[in-house]
Amino acid sequence: MAKVLCVLYDDPTDGFPTTYARDDLPVIDRYPGGQTTPTPEALDFTPGHLLGSVSGGLGLRGYLEKAGHTLVVTSDKEGPDSVFDRELPDADVVISQPFWPAYLTPERIAAATRLKLAVTAGIGSDHVDLDAAVTHGVTVAEVTYSNSVSVAEHVVMTILSLVRDYLPAHQVVLDGGWNIADRVARSYDLEGMHVGTVAAGRIGLAVLRRLAPFDVRLHYTDRHRLPRAQEEELGLTFHESAAAMVPHCDVVTVNAPLHPETEGLFDDELISTMKRGAYLVNTARARIADRDAVERALRSGQLAGYGGDVWYPQPAPADHPWRTMPHHGMTPHISGSSLSAQARYAAGTREILESFFAGRPIRDEYLIVDGGRLAGTGAHSYSVTG
């Protein structure tokens, strides 16, 4: 029997919900492009309920314990005395989410001598050292596409919030004011602007599709060029690199995985080539943007706004400069953890576990590392240095 170590974020501060704002979720059985949504043999949770926090347990406890496995769920993941580090050495499976990542460093993977599978409940597995996973024969899987549209919606919301300067205007209402001139002095229309995405995979393409009705000019860069039919359908302009694209754009959104080619991409040099007063939205990974370069650009006016929900480390410390820099629209890492998304990535996590325990192949689109090499989605999206 296996030990499954699951790292999830804390329960709500006022207690785990007993009621919810809505009674149900729309039924979605396929993603754009035809991939089916997760197909586990059964579910032990109610879709639309909070599953991503400790008490929710991704709805796995009944399934795992009935099969004789041990499930340990914790939010305590930092430092050598954390529950995560104490429980890791004899864990067979580790599960965590991008929003509250259990960083599987080379040292932790080396210490986890029984570890066979690392699952990301969601998408984005850069919190796992993929080189170490390859070396130690650890399978890495994620629930591909489960929250791609969730993130894309958050991107569009953030772009509109920044361009229209929505958040400060809402604060005026909360403060009892009515300062119209103050609040329209930084408010613009998105219509007619040039908007570009760094990467046009599942999330980036979903962003482009949702922005097209706003009558904007759409640009993209990606290591894999889209089919010409898609470019023509959406009126896309392709650029060979981010450096070639960003000087043309009023808004840039980052939808790329973190790997050696993208880490630190938006530094002082690249940001200086953007239009003065451009907006940068990053819901991908924080380390794609240089933390201090972003703050400097906002304070100088080179950037008119920065938004997103990814930080490094996560959770971000109270003194993180992105909390207090001007003209930002940052949130905790929530874009891919809506209750709708949780139902899908919890179901996908169970599907992966069912395949793993039964000795069946895990869906190719879920795989990042398998058999000592990048595999499936991982071979398309990531690179290793070893």
Side-chain angles (χ1 to χ4, degrees), residues 1-13 51-58 60-61 64-65 69-122 124-142 257-260 263-264 285-288 291-292 309-323 332-334 337 349 352-353 356 368-369 372 382 384-386:
M1 294 297 100
K3 175 179 174 180
V4 179
L5 176 55
C6 190
V7 179
L8 303 176
Y9 46 76
D10 290 318
D11 286 343
T13 55
L51 303 168
S53 71
V54 170
S55 293
L58 296 177
L60 294 173
R61 187 168 296 281
L64 290 172
E65 293 183 348
H69 305 299
T70 299
L71 175 64
V72 178
V73 183
T74 183
S75 64
D76 181 16
K77 64 187 182 73
E78 302 299 338
D81 295 325
S82 67
V83 173
F84 176 57
D85 280 275
R86 293 200 306 268
E87 298 285 350
L88 182 61
D90 63 344
D92 300 278
V93 179
V94 169
I95 303 169
S96 73
Q97 302 166 106
F99 334 108
W100 194 263
Y103 292 103
L104 279 172
T105 62
E107 295 76 17
R108 280 173 162 167
I109 290 176
T113 56
R114 289 177 47 177
L115 184 63
K116 303 176 186 69
L117 175 65
V119 180
T120 299
S125 295
D126 53 90
H127 56 281
V128 179
D129 189 286
L130 300 183
D131 292 296
V134 167
T135 299
H136 289 269
V138 176
T139 296
V140 181
E142 62 183 53
L258 177 67
H259 51 68
E263 186 166 0
R285 289 296 180 264
R287 286 186 291 166
I288 295 175
R291 185 194 72 173
D292 297 327
D309 69 335
V310 287
W311 309 69
Y312 186 80
Q314 295 189 141
D319 62 352
H320 195 294
W322 285 3
R323 291 182 182 269
H333 196 168
I334 61 169
S337 197
T349 299
I352 290 168
L353 292 176
F356 174 74
I368 304 299
V369 171
Y382 291 90
V384 295
T385 58

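By convention here, the first residue in the shown sequence is residue 1.
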Between atom [atom1] of [X] and atom [atom2] of [Y], what is the distance when rounded to the nearest 0.5 Å?
X: Arg108; Y: Leu88; atom1: CZ; atom2: CG; answer: 7.5 Å
X: Glu107; Y: Leu104; atom1: CD; atom2: CG; answer: 11.0 Å
X: Met1; Y: Thr70; atom1: CE; atom2: OG1; answer: 9.5 Å
X: Tyr103; Y: Phe84; atom1: OH; atom2: CZ; answer: 11.5 Å

[X] side chain to [Y] main-chain N or O, any donor-acceptor pair under 3.5 Å?
X: Glu263; Y: Arg287; value: no
X: Arg291; Y: Pro321; value: no
X: Trp311; Y: His333; value: no
X: Asp129; Y: Pro106; value: no
X: His320; Y: Trp322; value: yes
X: Arg323; Y: Pro317; value: yes
X: Asp11; Y: Ser55; value: yes

### Derivation and outcome, side-chain contact (heavy atoms from CB on, under 4.5 Å), residues Ile288 and Leu258
CA-CA 6 Å; Ile288 295 175; Leu258 177 67; 3.9 Å; yes

Residue pair Leu60, Leu353: steps toward the side-chain contact (heavy atoms from CB on, under 4.5 Å) verdict: CA-CA 10 Å; Leu60 294 173; Leu353 292 176; 4.0 Å; yes

Between [X] and [Y], is any pair of side-chain heavy atoms under 4.5 Å apart?
X: Gln314; Y: Pro98; value: no
X: Gln97; Y: Leu8; value: yes
X: Lys3; Y: Pro89; value: no
X: Thr349; Y: Ile95; value: yes

Identify the two heavy atoms, one from [X] and one from [Y], that lie closest to each other, and give their separation to 0.1 Å.
X: Glu142; Y: Gly122; answer: CB-O, 3.4 Å
X: Ser53; Y: Asp10; answer: CB-O, 3.5 Å
X: Arg285; Y: Asp126; answer: NE-OD2, 2.5 Å
X: Ile368; Y: Ser125; answer: CG1-OG, 3.9 Å
X: Ala132; Y: Ile109; answer: CB-CD1, 3.7 Å
X: Val128; Y: Ala118; answer: CG2-CB, 4.4 Å

> Are Asp92 and Arg114 close enough for a salt bridge, meaning some N to O gap below 4.0 Å?
Replying inline: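 Looking at Arg114 together with Asp92, the answer is yes, because their closest N to O distance falls below 4.0 Å.
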
**Evaluation steps, side-chain contact (heavy atoms from CB on, under 4.5 Å), between His127 and Thr120** = CA-CA 9 Å; His127 56 281; Thr120 299; 3.2 Å; yes

Say whether Asp76 and Ser82, considering side chains only, have a donor N or O and an acceptor N or O under 3.5 Å apart. no

Per side-chain contact (heavy atoms from CB on, under 4.5 Å), Glu87 is matched among Leu5, Val94, Val7 by Leu5

Do Tyr9 and Ser75 pass the side-chain contact (heavy atoms from CB on, under 4.5 Å) test, and can you show the C-alpha distance, the side-chain angles, and the key distance before you say yes or no?
CA-CA 5 Å; Tyr9 46 76; Ser75 64; 5.9 Å; no

